[in-house]
Amino acid sequence: MPKRYWLLKSEPESCSIQDLARAKQQTTCWDGVRNYQARNFMRVMKLGEQAFYYHSNVAPPCIVGIVEIVKEAYPDHTQFDPKDKHYDPKSKMNSPTWEMVDVKLVEIFPRPLALEELREVAALEGMELLRRGSRLSVQPVSPEQWKTVVRLAKRKQ
DNA sequence: GCCAACGTTGGC
DNA sequence: GCCAACGTTGGC
């Protein structure tokens, strides 16, 4: 399996990339995903693969940095916690429905790349994030798209 | 706060 | 299996 690239959405209100930078080991578990497609992508993530960190539900929505998979898919404990927002009463202990991965901060971009700006990049046409109505919170990014975004992030202003 | 675009649920 | 109703996501 060739190395793949990903994009993870997070509402900064719950966990911004700055929060991640302050976290123990700069690592967090990606819990709370309750969408099958997103879960299936997490299941195939491999150690060392990288993902863009995206801030959603804020103005402006933007890609803010890079994280790395430091633990492959394992059961998301919040599905069994009745007090948790993401509690899933239908999920069984012996066959958990939902999984998560651990991610570690790699870098925060010198400047955030706003969605609006990304929409204007021809090479990113077709990127899942830019698709109208796209809501997928865990999504694949092609190597070409990855390279393009990284290049944009490093470009001097 | 609005609402389009989804995904899920459940009656039939 | 269809599809209307509902809940959620997330840009704007």
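Chain letters run A, B, ... following the sequence lines, proteins first, then strands; residues in each count from 1. Remember, it's a predicted structure, so these values are computed and weren't measured experimentally.
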Please report the distance, rounded to the nearest Å, between [atom1] in [X] and [atom2] in [N].
X	N	atom1	atom2	result
Leu118(A)	dG11(C)	CG	C1'	14 Å
Arg131(A)	dG10(C)	CZ	P	12 Å
His55(A)	dC12(C)	NE2	C1'	19 Å
Ile63(A)	dG10(C)	CD1	P	14 Å

Sequence neighbours excluded, which residues qualify as salt bridge (Lys or Arg N to Asp or Glu O under 4.0 Å) partners of [X]?
X	answer
Arg132(A)	none
Arg151(A)	none
Glu128(A)	Arg131(A)

Sequence neighbours excluded, which residues qualify as side-chain contact (heavy atoms from CB on, under 4.5 Å) partners of Ala38(A)? Val33(A), Asn35(A), Leu136(A), Ser137(A), Val138(A)
So, using side-chain contact (heavy atoms from CB on, under 4.5 Å) as the criterion, who are the partners of Asn57(A) when residues are at least two apart? Glu11(A)
With a 6.0 Å cut-off on ring centres, are Phe41(A) and Trp6(A) close enough? yes
Along DNA chain B (nearest heavy atom to each residue), the more 5'-positioned of Arg132(A) and Tyr36(A): Arg132(A)
Each nucleotide of nucleotides 2-9 of chain C classed B (base within 4.0 Å of a protein heavy atom), S (only sugar-phosphate) or -, in 5' to 3' order, makes -----BBB
